[in-house]
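Attaching a single structure in structure tokens format; questions to follow.
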Amino acid sequence: RPAILKPRKLWTGKQIFSLILKPNSLSIVNANLSTKGRNYTKDTDMCVKDSWVVIRNSQLLCGAMDKGTLGSGTKNCIFYVILRDFGEDHAIRSMWRLARMASYFMMNHGFSFGIGDVTPSRKLLEEKQKLLENGYRKCDEYIAEMKKGTLQCQPGCTAEQTLEAVMLKELSSIRELAAKACFRELHPTNSALIMAQSGSKGSNINISQMIACVGQQAINGKRVPNGFEDRALPHFEKFSKIPAARGFVQNSFYSGLTPTEFFFHTMAGREGLVDTAVKTAETGYLQRRLVKCLEDLVVQYDDTVRNAIGEVVEFTYGADGLDPVYMEVKNKPVDIERQFMHVRNSLPCRDELPLRGEEVISVGKQILAKSEFSKCSASFHRECQIFLENFGLRLATIQRLYRNGSKVAMEVERTTAGQIEQFLLQVRNKYSKAITEPGTAVGALAAQSIGEPGTQMTLKTFHFAGVASMNITQGVPRIVEIINASKAISTPIITAEIENETSMEFARKVKARIEKTTLGEISSFIEQVYKTDDCFLLIKLDLDRIRVLGLEEVNAETIRYSICTSKLKLKQDNVDVCGSSIITIRPDSTKHSHSLNAELQRLTTAIPNVVVAGLPQVSRAVIAVDDSRGTPKYRLCVEGCGLRDVMATFGVIGSKTKSNNIIEVYQTLGIEAARTTIMTEITEVMEGHGMSVDHRHIMLLASQMTSRGEVLGITRHGLAKMRESVFNLASFEKTADHLFDAAYYGQTDSVDGVSERIILGMPASIGTGLFKLIHNHNDTQLEPIKELIFNMVLGE
């Protein structure tokens, strides 16, 4: 029926889309979905941009369908819902219907994009000019502050680094504000706007760059560096820090770039191209190594994951034995909330009485106690019970609000016993369907699932959260470091939680205990003194500086101890303390009687580097501030090694101290901690680039790297320790060497793995090659077994 009857019959696009999902009454597809679209504005179903999507029994009630609900996302995609609830055939058919209708619409109506769509209005140009003036004024203020020396430094940054950080933030915000101004001015029928909002092509930034402002060009995550002497291009003054001299492009692509702006833009473009070219080779090799090391891991009939020679790598795949293919929401095979909504909408159960909130909980417990749910796991029972309890409490609260009209109260969020039973059965079926089948090549799947997102990553390094100056390696280089199990990583960082996390003063004291302080940093001067009968080194300590740095335990005596225990090999007799701030050091006259002068020179250069406080392996510690929840909380980010020493520092909570160096975690806390660290580090890098990889794949990789009781890298050396197969090693790297050694030493190969079987043309024991079939031929009579002479002699 048409949605509008008078003054004339009219149908809506939502009705057409409902037909695509369910073309006639015979179709069994009753899809249900409630989710937000791309342009959602926090008003649930009353979203002003009509971007809250509600589908009930395949009827699109409200919301605009865009990339969020039609694209490749799993949870919100309507086709994914149909696939999970009604099977592949129905999902394919609905996609076909949409594709045919869309192409037919485009043929008849068209969709053009021209210069008119990116022409800015006079009002927009005025707004842009104001934004530029404000931004430039602020940047000039920052530069003036730095010259005066009044710029407030960020934690762990010099004034120069702080200026770069605040300027970059200010200039980036200009483009974002220009983009918002752009969207306020553009008409809803603007082609570029339609493309960006529906998600078919382009983004808000692309539109802003075309119409308003291209913005700051970044190279290696920073403003454009100096290419000439003390400046980026010869068109600017030396040491100039103004936005234009450091790669800020104020023009749009519509208005056209100036020569210097164009040059800066090409610099950023070149970086992108080089990045892509280098990344391809790096990720390709990474993927190959992963596949080679994981290819023979298979789920067996006893639910364990084992390699080709039967060694257990995981006792249960992914700790729950579920297949990542069947996950509806993150790491779970059922989106319980959506499933409950689906059952209540598709099965009204009008012949049953609705339940009260308290009854929902008790009925749920009774149904779960039935025999058909007895074989379900404890986690299944727990999750279903928690969900029904929460729903029951919410329903009871709603029913209390309608105290006067009990009939009405029971119809709001109407739920019956039949619906609850059907819901629990459907959840159980999805859980049991999601159990991994024996023979699944989980190793190869994990290698692909980690390798493929790697191809979409960048090679850049990003700033560490909370601390502007502390760089942390990200992207492909970090993944390579983790997978190689490198002993020396490029940015080792230990994150330490402190006992009093709200006190800045406490954080400073703990920082002073950890951070390395050398004698040179706390000395007013170190001088060589020559007398007629004596020569020595005179050290004057800066007591004020010691107090400012918070070095409570440091005094002349402790410094003397530090000097005597350092690598300088000085005896106690050679170091004298003269008062609270004077120390003298005499060279050992017995050893260096002929070369006292040279020895004194050597001491003069070596003494300033003696560590008098803190941990020698730590290069620096920075206090990171987290003020996202109102009250600021402090923790320490320690650059360098020494996890054991940081954990043992007074004031640090040892059990909440983490390091990103896997080998150090293994040596300090053991193999299980190293396995957990591998998993968290890979997950962090993936999430930092906006990719989600199922934790089961990452867990399997970590288990394989640590299954031998030590951390093995996914390299030729690691592979040699994981597997003793000659063919497997020879098919990876250094083929001739492996084959020659094997022949020389007379090694054997049991030919169990995938590579070896492929080389010899045999079926691999993976997938359908895992099991053996026994034939029962009742119609065939076998010949009787002849008596063996051997048995006759023995009289058997």
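In what follows, every heavy atom counts, from backbone to side chain, and hydrogens, waters and symmetry copies are set aside. For this chain, numbers begin at 1 and follow the sequence in order.
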If only atom types and distance count, is the side chain of Arg289 paired as donor or acceptor with the main-chain N or O of Ile714 below 3.5 Å?
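Yes, because the side chain of Arg289 sits within donor-acceptor range (under 3.5 Å) of the backbone of Ile714.
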Residues Asp85 and Arg338 bridged, charged N to O under 4.0 Å:
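Counted as a salt bridge, because a side-chain N and a carboxylate O are separated by less than 4.0 Å.
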So does Arg696 pair up with Asp320, basic N to acidic O under 4.0 Å?
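Salt bridge: yes.
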Side chain Arg97, main chain Ile20, donor-acceptor under 3.5 Å:
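It does hold such a pair.
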Under 3.5 Å, side chain of Gln419 to main-chain N/O of Leu347, donor-acceptor pair present?
yes
CD (Glu164) and CZ (Arg223) are apart, to the nearest 0.5 Å, by 4.5 Å
Working for ring pair (Phe, Tyr, Trp, His ring centres under 6.0 Å), residues Tyr317 and His697
CA-CA 9 Å; Tyr317 173 57; His697 301 310; 7.2 Å; no
With rounding to the nearest 0.5 Å, note down the distance linking CE in Met699 to CE in Met679.
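Rounded to the nearest 0.5 Å, the CE-CE separation comes out at 4.0 Å.
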Check: Thr280 side chain, Thr276 main-chain N or O, donor-acceptor pair, under 3.5 Å
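Here the side-chain-to-backbone pair exists.
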Assess, by modelled atom type and distance only, whether the side chains of Thr680 and Thr683 contain a donor and an acceptor separated by less than 3.5 Å.
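No, no side-chain donor-acceptor contact under 3.5 Å.
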Pairwise distance OG1(Thr258) to CZ(Phe263) - rounded to 0.5 angstrom:
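Atom-to-atom, Thr258:OG1 and Phe263:CZ are 12.5 Å apart.
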Donor-acceptor pair, distance only, cut-off 3.5 Å: does the side chain of Ser27 make one with the backbone of Asn24?
no
Does Met46, at its CE atom, have more than 12 non-hydrogen atoms belonging to other residues, nucleotides or ligands within less than 6.0 Å?
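Open: at most 12 neighbouring heavy atoms sit under 6.0 Å from CE of Met46.
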Just checking, any donor-acceptor pair under 3.5 angstrom between side chains of Asn76 and Thr35?
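Note: Asn76 and Thr35 side chains meet the donor-acceptor criterion.
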Is a donor on one side and an acceptor on the other found under 3.5 Å between the side chain of Asn204 and the backbone of Glu176?
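The answer is no, because no donor-acceptor pair under 3.5 Å joins these two groups.
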Ring centroid separation Tyr104 to His109 under 6.0 Å
no
Under 3.5 Å, is there a donor-acceptor pair between the Tyr136 and Gln250 side chains?
yes
May I ask you to check whether Ser692 and Glu687 show a side-chain donor-acceptor distance below 3.5 Å?
no
Let me confirm one number: the OG-CG distance from Ser346 to Asn57, rounded to the nearest 0.5 Å.
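It is 6.0 Å, given to the nearest 0.5 Å.
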With a 6.0 Å cut-off on the ring centroids, do Phe423 and Phe387 count as close?
yes
Would Glu684 and Arg478 pass as an ion pair if we require N to O under 4.0 Å?
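Here Glu684 does not pair with Arg478 in a salt bridge, since their nearest N and O are not under 4.0 Å apart.
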Rounding to 0.5 Å, atoms CG (Leu21) and CZ (Phe79) come to a distance of 7.0 Å
For residues 1-14, dump all side-chain donor-acceptor pairs below 3.5 Å to protein atoms at least two apart in sequence or in another chain.
from, atom 1, to, atom 2, distance (Å)
Thr12, OG1, Lys14, N, 3.4
Thr12, OG1, Gln15, N, 3.2
Lys14, NZ, Asp50, OD2, 2.9

Check whether the side chains of Asn345 and Asn32 place a donor and an acceptor atom closer than 3.5 Å, and report yes or no.
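Yes, because at least one side-chain N or O of Asn345 sits under 3.5 Å from a partner of the opposite role on Asn32.
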Closest non-hydrogen atom pair between Cys47 and Thr41, with its separation
SG-OG1, 3.2 Å
I'd like a table of donor-acceptor pairs (distance under 3.5 Å, sequence neighbours excluded) in which one partner is a side-chain atom from residues 87-94, with atom names and distances.
from, atom 1, to, atom 2, distance (Å)
Ser94, OG, His90, O, 3.2
Ser94, OG, Ala91, O, 2.9

For a quick check under 3.5 Å, do Thr473 and Ser490 share a side-chain donor-acceptor pair by atom type?
yes
Say whether, by atom type as modelled, one donor and one acceptor occur between the side chain of Lys430 and the main chain of Gln339 under 3.5 angstrom.
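Pair absent, no side-chain N/O of Lys430 close to backbone of Gln339.
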Does the side chain of Lys49 come under 3.5 Å of the side chain of Gln197 through a donor N or O and an acceptor N or O?
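Note: Lys49 and Gln197 side chains miss the donor-acceptor criterion.
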Are more than 12 heavy atoms from other residues, nucleotides or ligands located less than 6.0 Å from atom CE of Met267?
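Buried by this count: over 12 neighbours within 6.0 Å.
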